[in-house]
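So you know, we letter chains A, B, ... as the sequences are listed, proteins then strands, and number each from 1.
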Amino acid sequence: MDWKGYTLIYVVLFVFATIQAVVEFVGLVDSAYWLAFGIIMVLSVVKAVGVAAYYQHLISEPRSVTYMILGGTLGAIALTGAAAYSIV
Amino acid sequence: MPTTSSLQIGADDLAFPRLNALSYWLYLFSGILVGVSFFQGSTFAGGWTMYAPLNTPAYIPGEGLGATSVVLALIMFTAAVTMGSVNFLTTMYRMRAEGLRMRDIPIFSLSINLTVWMMLFAFAALLAALMILASDHVIGTTYFQFANDGSTLGTSAENPGASLLWAHLFWFFGHPEVYIVFFPALGAMAEIFQTFTGRRLVGRKWFIISMVLVAIQSFIVWMHHMFLTGINLPIKTIFMATTIGISLPFDLMVFSLIYTMAKGRVRFKTPFLFSLGALLLFILGGITGVFLGAIVLDYQFRGTYWVVAHFHYVMFGGATALIGGLYYWYPKMTGKMYDEFLGKVHFATFFVGFNLLYFPMFIAWETPRRVFEYPADLQIWHNLSTVGGFILGASMLVMFYNLFVSIWRGEDAGESPWKYASTAEWAVGSPPKLENFPGLPSYASGSLEFLDDEEVAERTGKPPGAGVAADGGTASDGGTARNIRAVTAPATPTAAAHETGGEGHASHASFWPFLVSLGGFIAFLGLSGVRTGSPVYVGMAAVGGLATVGSLVGMTRESFHAPEMAIAERWPFEGVEKMKLGMWTFLASDVVLFGGFIGSYAFVRVAYGWSDWHHDLIPAEHVTMPGLINTYLLLTSSFLVVLAMVAAKREWRGATTASLAGTFALGVGFLVNKGIEWNHLFHIHSEMFPNGWTLSTNIGSSTFYLTTGLHGAHVVVGLVICGYMTIRAWNGAYQGDDKPIEYFGLYWHFVDIVWLFLFPLFYIL
Amino acid sequence: MPSDTIAHAVGVPLHGGDVRAPADVFNSIFEVFLVLGTVVGIVVVAYTMYHAIKYRDSGSTDDPYADTVERPQLGEKPTGGTGGRKVFYSFGISAVIVVSLIAWTYTTLLYIENGPDESQAAIDAIEIEVEGFQFGWNFVYPNGHETNSLVVPQDRVIKLQVTSLDVFHNFGIPELRVKTDALPGQYTSAWFTASETGEYTAKCYELCGTGHSLMVTSVEVVPQSEYDEWYADTQSSGNGTSGNVTAAIDAGATTAVGGAPA
Ligand SMILES: [Cu+2]
Ligand SMILES: [Cu+2]
């Protein structure tokens with residue numbers, strides 16, 4: 001990827017981060033917490049995937065590297081999700 | 001064991017010899033630190049499960065410094081394990097002999113491979129648990145304390161998830177750990193069975209699939225250790241199902257071993273006796289384990305000798321196979337044969353002792369664990385157990401004598417003393433030479449051959465001894481079965497070894513790994529006592545810390561090259577050069593480390609009441625803005641790193657230097673901004689928090705400071721590397737070679753990604 | 001928290017004796033497992049030894065199975081041997097046994113988890129709060145009376161709400177097959193009935209410090225009339241109200257109980 005592509009990604013990341021903050025500033029976190037929660041977390045995931053795919057170049061590595069990272073991520077999610085679920 | 005395994009796959013050394021040295025020294029010093037802990041009043045006394053809150057200073061008698069040292073020593077140990085795992089996986093995926101697909105590698109190596117995968121992730125979770133615990137000990141966070149006022153009686157439900165949090169983190173590590181211990185034994189058992197039955201493993205493909213399934217499933221069964229903790233019925237049901245699910249592949253493996261004997265030529269030599277014995281013990285362990293799978297029974301077995309007997313049949317049963325492995329590979333390691341008669345005597349006494357020690361525990365199962373009292377009518381069984389224990393211990397003396405004396409008196413073993421042994425380690429001399437192989441090993445023709453330098457040169461198209469700057473991995477041969485890769489560094493390992501007298505191995509002598517570990521040891525010993533304010537401890541922490549950083553820098557500056565194999569099987573990581581693969585593997589474990597921290601935060605917050613959390617525990621002064629500014633800073637710094645790559649590729653020295661310097665400046669800005677924010681929060685005087693909002697104020701402040709603090713520490717490490725690279729770039733490095741910048745970038749972007757989640761979780765939601 | 005089940009003194013006669021006791025459930029399942037486990041163990045071990053001995057190397061130079069199997073060669077690329085089908089059959093049998101055994105016990109798990117069913121809901125259960133501490137137990141009765149050893153009537157459903165005042169403990173009365181963890185800041189529940197009067201022992205089943213071995217107390221099961229007498233006596237000396245206890249349980253918070261031994 002050349003510098004133009006990188007710049008485009010950067011702009012998108014910047015805008016998404018701003019949207020996350022805006023969601024709070026307009027009071028959505030207070031009025032509709034779980035909606036705000038959903039929007040904000042989805043934006044974070046999209047940003048993370050963007051950085052991993054284009055800045056860390058996962059997109060041009062063998063897919064197995066992605067699977068390895070996904071493996072770790074799934075483990076962390078299993079721990080977080082199942083542990084939290086066990087006490088609700 | 002790793003040596004055997006690298007021989008089996010045809011690697012001539014580990015991928016990162018210096019990292020191996022570092023992990024060894026860290027391991028050694030972690031042991032010394034545990035030793036020292038006994039002289040700091042008292043050591044850790046909370047059992048191996050270290051349940052909270054008995055593991056926190058409030059419940060440790062005296063000053064509890066020894067307990068803190070143990071926790072820190074375990075962190076050191078875990079760091080050593082993680083480095084070892086990264087190193088070993090990289091070796092396995094970058095340095096297999098040509099023609100050996102992953103499914104073709106010998107079963108023992110495969111078991112090691114899966115073990116290391118489990119280690120990579122499980123120990124990262126343990127590292128998270130230990131780091132949090134250490135922070136509770138050293139800097140006063142309150143993760144594992146139910147009452148945050150330091151009182152020993154719970155007076156208010158400040159942190160209702162405290163005790164369970166440890167149980168979750170610990171067992172998420174603890175169950176895979178069971179298989180981490182057991183898998184190498186399983187692999188050794190399969191290997192020994194093949195040799196001494198003269199049969200190839202029956203159902204090998206399914207044996208392998210079973211092992212892979214177990215390795216994966218081992219991460220989703222941990223709550224079977226927690227059935228009585230009050231977790232809800234649906235989750236108990238799920239974990240009951242996954243637990244039964246994980247037992248089934250083992251059934252298959254047992255039958256596979258049994259049928260491997262069919263139509264064999266079974267020879268009852270010592271290694272086989274131990275392996276067969278291990279199989280029988282494992283069958284008993286497995287059957288008594290099914291009892292535990294029935295939750296109604298499990299409830300009553302909890303904390304009793306049934307559990308003790310069961311897991312010894314499984315785990316010590318595994319150790320039995322490893323003893324078999326020791327006898328099996330002893331001739332390879334020493335070049336001498338052990339005494340067969342004494343070996344058989346050892347087995348007979350061992351097996352009798354073992355069963356006499358552990359079987360009576362099933363009968364006396366009502367005995368509670370870890371008490372010195374038990375019902376009088378069970379005494380006879382306990383007596384038998386004691387006798388068995390002594391017999392078992394004595395049997396080991398026979399082995400030590402045998403193996404020790406045989407070094408001098410044993411017959412020469414030759415390359416292979418075993419009929420039907422088939423794996424590569426038996427094709428070289430005993431003990432193996434430093435370079436492992438007489439040439440480059442290859443299975444391309446279907447069986448093992450050694451390529452000499454000329455053949456290698458011909459195949460790779462490089463003259464022997466020609467140096468190539470960076471790792472290859474450029475040829476895109478995607479689908480072909482064999483991968484002939486461009487040569488890295490000095491052309492071929494064998495050629496290089498001849499030229500420099502075994503350069504790859506001589507590097508083990510680097511003294512930086514030792515200094516790094518020594519510094520770490522002093523720093524941790526100091527940390528164990530900083531909370532007392534004693535100048536000695538504080539001084540040690542400071543000096544040790546500086547020494548560690550200093551020697552890390554020294555290690556980086558030392559020029560060092562570990563050559564890659566010229567031709568090797570690299571699926572599924574073709575084209576990912578060694579350093580990059582190592583970095584990604586490390587990041588995968590770091591994902592789990594941060595996952596453990598974020599998971600802990602989510603868990604204690606859910607236990608507290610997700611929505612009440614913000615209102616009850618977080619001050620109004622904790623606002624979004626500093627987090628948002630830091631998000632912008634990190635995103636921009638990530639952008640600059642990729643620009644630095646572009647500049648380096650185009651050989652724009654000024655732009656490269658400027659981009660790296662910009663990254664450095666933004667990282668510093670991030671830390672300064674955080675410093676201002678923390679300082680403000682520490683010193684607020686509101687109605688809710690009259691004494692500021694510090695690490696120990698409540699579980700909300702603890703999670704905030706520690707999680708973002710761990711991230712901040714990652715930023716600091718990144719900045720040290722970035723600063724170093726900026727100077728090198730200024731001096732003209734990286735022009736036309738952006739790889740080092742890319743490796744640094746992988747780390748830096750990862751730190752960025754973590755922040756993308758910390759920002760919303762700790763600043764918005 | 002099932003605090004709504006604290007419905008004492010409804011006037012229905014006591015039928016704890018009709019309820020299937022957890023001890024009974026455990027013993028019957030354990031028996032089945034023991035018998036089956038022993039049989040399976042003997043069969044599999046014998047089967048293993050049969051193979052080991054039958055196919056032992058007699059020392060003769062010619063291979064009796066040379067025409068049916070291939071022997072491993074040094075340096076060969078590892079592959080599997082023939083005969084995988086048998087592995088599958090055996091595995092299938094073992095899987096069926098294991099899965100059906102566990103599935104069979106699942107309904108009893110539901111029974112133990114949920115307590116005696118609706119038709120027996122009229123049973124007048126006694127709810128007692130159990131607090132573990134280093135190193136002993138504190139029992140809080142519905143009227144607020146506190147003791148360090150347990151007294152319960154025969155043939156009555158006893159429901160326990162168990163917590164800890166300091167570290168992780170585990171409360172168990174082995175003879176009555178009741179056991180549950182005691183965690184600070186959390187309540188776990190368990191229940192039992194005892195059909196025989198007499199002295200039982202409650203123990204701690206989780207390492208909780210230096211005095212862990214000593215963390216035992218007596219459990220006295222007495223006839224109903226005797227219990228009533230004893231309980232009436234405690235009424236006058238009761239130092240709390242049941243209201244407080246249930247409220248605390250509702251809130252899911254540990255109460256700072258006055259007089260709890262430190
Ligand atoms: Cu487990
Ligand atoms: Cu205890």
Contact winner vs chain B - A/Ala82, A/Ala78, A/Gly81, A/Gly71, heavy-atom pairs under 4.5 Å: A/Ala82
Which of B/Met625, B/Lys236, B/Lys580 touches chain A most, by non-hydrogen pairs under 4.5 Å: B/Lys580
Flag if over 12 foreign heavy atoms under 6.0 Å of CZ, A/Phe25: yes
Ring-ring centroid check B/Trp222 B/Phe239, cutoff 6.0 Å: yes
Output field: ring centroids B/His622/B/Tyr763 closer than 6.0 Å: yes
Flag if over 12 foreign heavy atoms under 6.0 Å of OH, A/Tyr10: yes
Residue, of A/Phe37, A/Trp3, A/Tyr33, A/Phe16, that accumulates the most heavy atom pairs under 4.5 Å with chain B: A/Tyr33
No-hydrogen, no-angle side-chain donor-acceptor test under 3.5 Å, B/Ser638 and B/His749: yes
Contact winner vs chain A - B/Val592, B/Thr624, B/Val646, B/Thr631, heavy-atom pairs under 4.5 Å: B/Thr624
Residue selection (most heavy-atom pairs with chain B, distance under 4.5 Å) from A/Ala84, A/Ala76, A/Ser64: A/Ser64
Pick from B/Phe219, B/Phe121, B/Phe594, B/Tyr601 with the largest number of heavy-atom pairs that fall under 4.5 Å of chain A: B/Phe121
Closest-packed option against chain B by number of heavy-atom pairs under 4.5 Å, given A/Val88, A/Leu79, A/Leu43: A/Leu79
Partner of A/Val49 under side-chain contact (heavy atoms from CB on, under 4.5 Å), chosen from A/Val46, A/Val45, A/Val51: A/Val45
Closest-packed option against chain B by number of heavy-atom pairs under 4.5 Å, given A/Leu74, A/Val23, A/Leu70, A/Thr18: A/Thr18
